[in-house]
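As structure tokens, the structure follows; a few thoughts come after it.
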Amino acid sequence: TDQRVPESKRSDELGDLTELLNDMIDTTQRYIDQQQQFVEDVSHELRTPVAIIQGHMEMLDRWGKDDPEVLNESIQASLQETKRMKSLVQEMLDLQRAEQIEITFTNDVTDVTEVVNQVYDNFKMIHPDFIFILDDDVHETVQAQIYRNHLEQILIILLDNAVKYSTTRKEVHLSYERDTRNVEIAVQDFGEGISQANRERVFNRFYRVDKARSRTKGGNGLGLSIAKRLIEGYHGNITIESAVGHGSVFRISLPILSAKAAKTLERKKQQ
Ligand code: ADP
């Protein structure tokens, strides 16, 4: 139903008011539509794991429980789907929080150099089958106004993807550089790459280039939408450069704080 207020030609003031009201109604309607879409997407994403678990339980109930092999297989499959639902719920919460960052903009000052090095060390440890290369020309500390956990989360999402979508050449390069205003962190892989048409879409929530394959890798299609919302919440941005079959480079750029601004913020926080 159209809720809009009918246009009035009687006076300019009334016309202005009508326009203002209609703008507000449009904005509210857009918000409602987005929320509805979100609920639909979430239900859709949850339907598959629930259906799989239900299928296994029904099979066990009918005949499978007496066969140890079937029983074991069903338990494993159901556990895996339960894990998926748990990560889905966690990621949806993360996304929801990321969308509200601007309201709760932090006064936290984070040492970017330190976080990059820490995440790099962790990945090297977790994925011994991969070659990780850290190219850091920046030797001084680079500080940014960002909640430390959020910067970590963004880097982990990008590095996780670089690993997940590299099947042939298991190599990931991490680099960062700064200019007077921004620090730029790049995560490069030599994996499957992303076609031009998909480069925008991968930031949409629940979007996966290859649904079935991404699913087996445990992906919910929320990582990049979280990373994008987070970095934009801190007035930064994220871009992709990619060639199908050759790999991708994800670059994030984040405003840096001068030493003086960092000190002022630290002081403010302590008050
Ligand atoms: P997922 O949890 O599925 O990885 P993301 O939002 O992080 O969700 O990524 C969305 C999709 O973008 C992935 O399913 C994958 O198809 C594609 N993608 C992300 N990163 C890469 C990458 N480094 N190389 C190739 N494809 C990628």
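Indexing begins at 1, ligand by ligand and atom by atom, following the structure's order. For reference, positions follow the sequence shown, starting with 1. Only heavy atoms go into these numbers, but all of them, side chains included; no hydrogens, no water, no symmetry mates.
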Relative to the heavy atoms of [X], which atoms of ligand 1 are at a distance of less than 4.0 Å?
| X | answer |
| --- | --- |
| L222 | 6 (O), 8 (O) |
| G223 | 5 (P), 6 (O), 7 (O), 8 (O) |
| Y207 | 10 (C), 11 (C) |
| S248 | 24 (N) |

Assess whether a salt bridge exists between [X] and [Y], defined as any Lys/Arg side-chain N lying under 4.0 Å from an Asp/Glu carboxylate O.
| X | Y | value |
| --- | --- | --- |
| E184 | R178 | no |
| R208 | E45 | yes |
| R148 | E114 | yes |

Who gets closest to [atom] by heavy atom: [options]?
| atom | options | value |
| --- | --- | --- |
| atom 20 (N) of ligand 1 | N161, L159, I157 | N161 |
| atom 23 (N) of ligand 1 | D189, V209, V187 | D189 |
| atom 8 (O) of ligand 1 | G219, A162, G221 | G221 |

Sub-3.5 Å N/O-N/O distance, [X] and ligand 1:
| X | answer |
| --- | --- |
| K164 | yes |
| R208 | no |
| N220 | yes |

* **S248: partners by side-chain hydrogen bond (donor to acceptor under 3.5 Å, both in side chains), with sequence neighbours left out** =>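 Partners of S248 by the side-chain hydrogen bond (donor to acceptor under 3.5 Å, both in side chains) criterion, ordered by chain and then number, come out as S242.
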* **Ring-ring centroid check F190 H173, cutoff 6.0 Å** =>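 Here the rings of H173 and F190 have centres that are less than 6.0 Å from each other.
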* Row check, F203 ring normal vs K228 NZ/CZ: under 6.0 Å, within 45° ->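 K228 over F203 ring: yes.
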* Looking at ligand 1, does F250 have a heavy atom less than 4.0 Å from it? ->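 The answer is yes: ligand 1 sits under 4.0 Å from a heavy atom of F250.
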* Residues clustered with V109, ILVMFWY side-chain links under 4.5 angstrom ->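 Noted: V109 shares its cluster with L257, L265.
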